[in-house]
Novice: 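Dropping a structure here in structure tokens format, bear with me for questions.
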Amino acid sequence: AQKITQTQPGMFVQEKEAVTLDCTYDTSDPSYGLFWYKQPSSGEMIFLIYQGSYDQQNATEGRYSLNFQKARKSANLVISASQLGDSAMYFCAMREGSRGGAQKLVFGQGTRLTINP
Amino acid sequence: EPEVTQTPSHQVTQMGQEVILRCVPISNHLYFYWYRQILGQKVEFLVSFYNNEISEKSEIFDDQFSVERPDGSNFTLKIRSTKLEDSAMYFCASRGQSPRLNTEAFFGQGTRLTVV
């Protein structure tokens, strides 16, 4: 079963607009963490933001915020005031907490975001 | 800023040959990982390594794959006899000393392996 689902294969947004990238997850572990990574065309994986399952508030990091709706099991990434440099592949990932210290990340299929000037 | 370093950035090899992908994780990190990404697809977990042994491995990580941390700084992934379907970007990642969920994994820039 898919643990992380990103339903938008591609998104096109005008520069300076806000954009929401969707992510839903599936786990029975009460303790988990959700991550968003950015992968530009050069290929590296860049960490953007983290949300813990017990966090009371939505995470924010500069222009990035996470719309965490625990009951719906969704963790959407919001990018405000998009820039041309935001064009990249974006991956949502989850780490489950009950498996010990070396917990792996499970990734979604990714969303390719293109910012138009 | 400390970073995970992978070499080579691109490797072309003939089917059936052995390859070794090398990684230097961030020093003082304790958890190490290999992931792969077939072109245009999602990032898949291969193996995690902690305390000098494999913590977990995926179905992909069969007997053709092995990992080593030979000298306390390098972390290698060996594919014994490469197949065409092993062509992918391979990412090494490391994580710090805390087992807490919120410690991010730092990824290397990847090694693009092409099997011909």
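A note on names: the letters A, B, ... follow the listed sequences, proteins ahead of strands, and every chain is numbered from 1.
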Novice: According to the side-chain hydrogen bond (donor to acceptor under 3.5 Å, both in side chains) rule, which pairs have a member within residues 73-85 of chain B, sequence neighbours left out?
Specialist: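 Every pair satisfying side-chain hydrogen bond (donor to acceptor under 3.5 Å, both in side chains) with a residue in residues 73-85 of chain B: B:Asp71-B:Ser73, B:Asp71-B:Asn74.
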
Novice: Over all heavy atoms of both residues, which pair between A:Phe35 and B:Glu104 is shortest? Give the atoms and the distance, please.
Specialist: CE2-CA, 3.9 Å

Novice: Could you check if a side-chain atom of A:Gln39 sits within less than 4.5 angstrom of a side-chain atom of B:Phe91, using non-hydrogen atoms only?
Specialist: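 Side chain of A:Gln39 against side chain of B:Phe91, heavy atoms only: contact under 4.5 Å found.
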
Novice: I'd like to know if the side chain of A:Gln103 pairs up with that of B:Glu56 as donor and acceptor (distance under 3.5 Å, no hydrogens or angles considered).
Specialist: no

Novice: Can you tell me if CG on B:Leu39 sees more than 12 non-hydrogen neighbours from other groups inside 6.0 Å?
Specialist: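 No.
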
Novice: Can you tell me which of B:Met89, B:Gln6, B:Gln37 forms the most heavy-atom pairs within a distance under 4.5 Å of chain A?
Specialist: B:Gln37

Novice: For A:Leu105, does its backbone N or O pair with a side-chain atom of B:Tyr35 as donor and acceptor, under 3.5 Å?
Specialist: yes

Novice: Please check if the number of heavy atoms outside B:Glu59 that lie under 6.0 Å from its CD is greater than 12.
Specialist: no

Novice: Which residues in residues 40-48 of chain A have any heavy atom lying under 4.5 Å from a heavy atom of chain B?
Specialist: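 A:Gly43, A:Glu44, A:Met45, A:Phe47 fall under the 4.5 Å cut-off.
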
Novice: Tell me whether the count of non-hydrogen atoms from other residues, nucleotides or ligands lying under 6.0 Å of NZ in A:Lys16 goes above 12.
Specialist: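 No - once you tally the heavy atoms of other residues, nucleotides and ligands closer than 6.0 Å, there are 12 at most.
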
Novice: Give a yes or no on this: more than 12 heavy atoms of other residues, nucleotides or ligands lie within 6.0 Å of atom CZ of A:Arg112.
Specialist: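 Not more than 12 within 6.0 Å, no.
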
Novice: Check for me whether B:Lys42 meets the cation-pi criterion with A:Phe107, that is, NZ or CZ under 6.0 Å from the six-membered ring centre and within 45 degrees of the ring axis.
Specialist: no

Novice: Could you check which of A:Ala93, A:Gly108, A:Gly110 has the highest count of heavy-atom pairs closer than 4.5 Å to chain B?
Specialist: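 Of the candidates given, the most pairs with chain B belong to A:Gly108.
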
